[in-house]
*Asks:* 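What follows is a single structure, and I will ask about it in a moment.
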Amino acid sequence: MAAKEITFSPDKALESVLYIASKLAQPTVHEVLKIRYFADKLHLADFGFMASGDDYVAMKFGPVATTTYNLLKAARGDQSGWIHPRLSELIEGALDVQARNVKPLRQPNFDLLSKADVDCIDQALARYGNMPFKERTELSHDAAWQAAWDIAAEDEVGQSPIKLTDIAATLPNAQEVIAHLHA
C-alpha cells in the first residue's frame with residue numbers, strides 16, 4: 001500500500017452517486033450512502049485510503065458521508081446554511097432527490113472515477129445493493145459506527161465523527177491498514 005493523500009471532490013462524489021443510483025432498482029438516499037460507505041471500506045482495505053475522500057459521521061441509521069449527504073440534500077432542494085452553493089450548482093441537471101428517492105438525470109462521467117473506485121462500488125453493489133433497509137442498516141452499524149454513536153448519544157447534535165482508524169479496525173486486514181495509516 002502506498003500512502004496517498006485524498007481530498008474530497010464534489011464532482012467525483014456526484015459521479016459516484018450517479019453511478020450507484022443508476023445500478024439500483026429503486027435507489028434511496030439511505031441505500032446510496034450505505035453503498036458509498038461499504039465501497040469506501042473495501043477501497044480502504046485494498047488501497048489504504050477511502051476513495052470518496054469524504055468524512056463520515058455516525059447517525060441513527062448508520063455511517064453517513066457528510067458532504068456527499070449534503071450533495072443529496074442539495075438535490076432535494078435544501079437551501080440551509082450547511083449546504084455549500086457549489087453543491088446546488090453541481091447537481092443542476094444531473095441529480096434529483098424527491099423525499100428519499102434518488103433519481104439520476106444523466107449517466108455518470110467515468111473520467112472522474114478511478115477503476116479501483118468503480119470496482120469497489122461494484123463489489124458493494126453486489127453485496128449490499130437492493131438489500132432491505134433494516135438489514136443494510138444493521139450491517140452498517142459496525143464497531144466504528146458504534147464507537148462514534150456512543151459519543152453522539154451524549155451530545156446535543158446527535159451525530160459524531162467516525163475515526164478513520166476505527167473504520168480500519170473493522171477490516172479483515174486491520175493491522176496492516178492501521179499501520180499504513182500511521183506510517
Side-chain angles (χ1 to χ4, degrees), residues 8 12-47 49-76 78 87 91 94-105 108 113-114 116-153 157-174 177:
F8 180 79
K12 181 178 177 179
L14 173 61
E15 301 312 318
S16 71
V17 166
L18 291 171
Y19 181 64
I20 293 166
S22 73
K23 296 292 188 175
L24 297 168
Q26 295 179 341
T28 64
V29 169
H30 183 269
E31 189 172 23
V32 168
L33 289 171
K34 294 308 159 262
I35 296 297
R36 179 71 267 178
Y37 179 66
F38 293 130
D40 265 341
K41 285 182 65 169
L42 290 165
H43 201 279
L44 179 62
D46 290 347
F47 302 103
F49 65 95
M50 305 277 257
S52 72
D54 212 338
D55 295 316
Y56 282 87
V57 295
M59 295 180 77
K60 181 177 180 179
F61 296 111
V64 174
T66 58
T67 310
T68 303
Y69 185 37
N70 284 343
L71 182 82
L72 290 166
K73 289 190 286 187
R76 193 171 49 211
D78 189 332
L87 299 179
I91 56 92
L95 185 67
D96 186 38
V97 175
Q98 297 295 322
R100 291 183 277 278
N101 301 311
V102 179
K103 180 180 178 185
L105 301 176
L113 299 173
S114 70
D117 193 16
V118 172
D119 288 346
C120 289
I121 290 170
D122 285 342
Q123 288 177 55
L125 285 162
R127 291 183 195 174
Y128 311 104
N130 302 308
M131 182 180 277
F133 176 90
K134 184 177 180 185
E135 184 178 353
R136 184 175 53 248
T137 299
E138 289 173 1
L139 287 171
S140 73
H141 284 186
D142 58 18
W145 172 85
Q146 188 65 58
W149 185 247
D150 290 346
I151 293 168
V157 178
Q159 63 186 29
S160 180
I162 301 176
K163 294 177 186 174
L164 183 58
T165 52
D166 287 349
I167 296 171
T170 69
L171 302 174
N173 61 339
V177 175

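These numbers were taken from a predicted model, which means no experiment stands behind them. All heavy atoms count here, side chains included; hydrogens, waters and symmetry mates do not.
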*Asks:* For Ser160 versus Ile151, what's the shortest heavy-atom pair and its separation?
*Replies:* OG-CG2, 3.5 Å
*Asks:* Is a side-chain donor or acceptor of Lys34 paired with a backbone partner of Pro63 at a separation under 3.5 angstrom?
*Replies:* yes
*Asks:* Is a side-chain N or O of Thr66 found less than 3.5 angstrom from the main chain of Asp55, in a donor-acceptor match?
*Replies:* yes
*Asks:* Can you name the nearest heavy-atom pair linking Ala168 to Val177, along with the distance?
*Replies:* CB-CG1, 3.7 Å
*Asks:* Of the non-hydrogen atoms in Val102 and Thr28, which two are nearest, and what is the gap between them?
*Replies:* CG2-C, 3.6 Å
*Asks:* Please check: side-chain N/O of Arg136 versus main-chain N/O of Met131, any donor-acceptor pairing under 3.5 Å?
*Replies:* yes
*Asks:* I'd like to know whether Asp150 forms a side-chain hydrogen bond (donor to acceptor under 3.5 Å, both in side chains) with Gln146, so could you lay out the CA-CA distance, the side-chain angles of the two residues, the decisive distance to 0.1 Å, and finally the verdict.
*Replies:* CA-CA 6 Å; Asp150 290 346; Gln146 188 65 58; 2.7 Å; yes
*Asks:* Ser16 and Ile121: which non-hydrogen atoms are nearest, and at how many Å?
*Replies:* CB-CD1, 4.0 Å
*Asks:* Taking the side chain as every heavy atom from C-beta outward, state whether Val64 and Gln159 have any pair of such atoms under 4.5 Å apart.
*Replies:* no
*Asks:* Quick check for you: to the nearest 0.5 Å, what is the distance between Asp40 atom CG and Ile167 atom CD1?
*Replies:* 7.5 Å
*Asks:* If we only count heavy atoms from C-beta on, is the Leu72 to Arg76 side-chain gap below 4.5 Å?
*Replies:* no
*Asks:* Identify which one of Phe133, Tyr128, Tyr69 satisfies the ring pair (Phe, Tyr, Trp, His ring centres under 6.0 Å) criterion when paired with His30.
*Replies:* Phe133
*Asks:* State, yes or no, whether a side-chain contact exists between Asp122 and Val118 at a heavy-atom distance under 4.5 Å.
*Replies:* yes
*Asks:* Report yes if some heavy atom in the side chain of Leu105 is under 4.5 Å from a heavy atom in the side chain of Leu95; otherwise report no.
*Replies:* no
*Asks:* Between Tyr19 and Asp117, do the side chains contain a donor N or O and an acceptor N or O under 3.5 Å apart?
*Replies:* no
*Asks:* For the atom pair OG1 (Thr68) and CG (Leu33), what is the distance rounded to the nearest 0.5 Å?
*Replies:* 7.0 Å
*Asks:* How far does CG of Leu44 sit from CG of Leu164, to the nearest 0.5 angstrom?
*Replies:* 5.5 Å
*Asks:* Okay, side chain of Trp145, backbone of Met59: is any donor-acceptor separation there less than 3.5 Å?
*Replies:* yes
*Asks:* Going by heavy atoms in the side chains, are Trp149 and His141 under 4.5 Å from each other?
*Replies:* no
*Asks:* Decide yes or no on salt bridge (Lys or Arg N to Asp or Glu O under 4.0 Å) for Arg36 and Asp54, but give the supporting numbers first.
*Replies:* CA-CA 10 Å; Arg36 179 71 267 178; Asp54 212 338; over 6 Å; no
*Asks:* Of all heavy-atom pairs between Gly129 and Ile35, which one has the smallest distance, and what is that distance?
*Replies:* N-CD1, 3.7 Å
*Asks:* What is the distance from atom CG of Leu42 to atom CE of Met50, rounded to the nearest 0.5 Å?
*Replies:* 10.5 Å
*Asks:* Report yes if some heavy atom in the side chain of Ser140 is under 4.5 Å from a heavy atom in the side chain of Phe38; otherwise report no.
*Replies:* yes
*Asks:* How about Leu139 and Arg127: do any of their side-chain heavy atoms sit closer than 4.5 Å?
*Replies:* no
*Asks:* As an exercise, state the distance from CZ of Phe47 to OG of Ser114, rounded to the nearest 0.5 Å.
*Replies:* 7.5 Å
*Asks:* Is Asn173 reaching over with its side chain to a backbone N or O of Ala45, donor-acceptor style, under 3.5 angstrom?
*Replies:* yes
*Asks:* Do you know which two heavy atoms are closest between Gly53 and Phe8, and how far apart they sit?
*Replies:* O-CB, 3.6 Å
*Asks:* CG/Leu171 to CG/Asp46 distance, rounded to the nearest 0.5 angstrom?
*Replies:* 9.5 Å
*Asks:* Measure from the side-chain N and O atoms of His43 to the backbone N and O of Phe49, and report whether any donor-acceptor pair falls under 3.5 Å.
*Replies:* yes
*Asks:* Is atom CD of Gln26 surrounded by more than 12 heavy atoms (other residues, nucleotides or ligands) closer than 6.0 Å?
*Replies:* no
*Asks:* Would you check if Glu31 and Ile20 make a side-chain contact, meaning some heavy-atom pair closer than 4.5 Å?
*Replies:* no
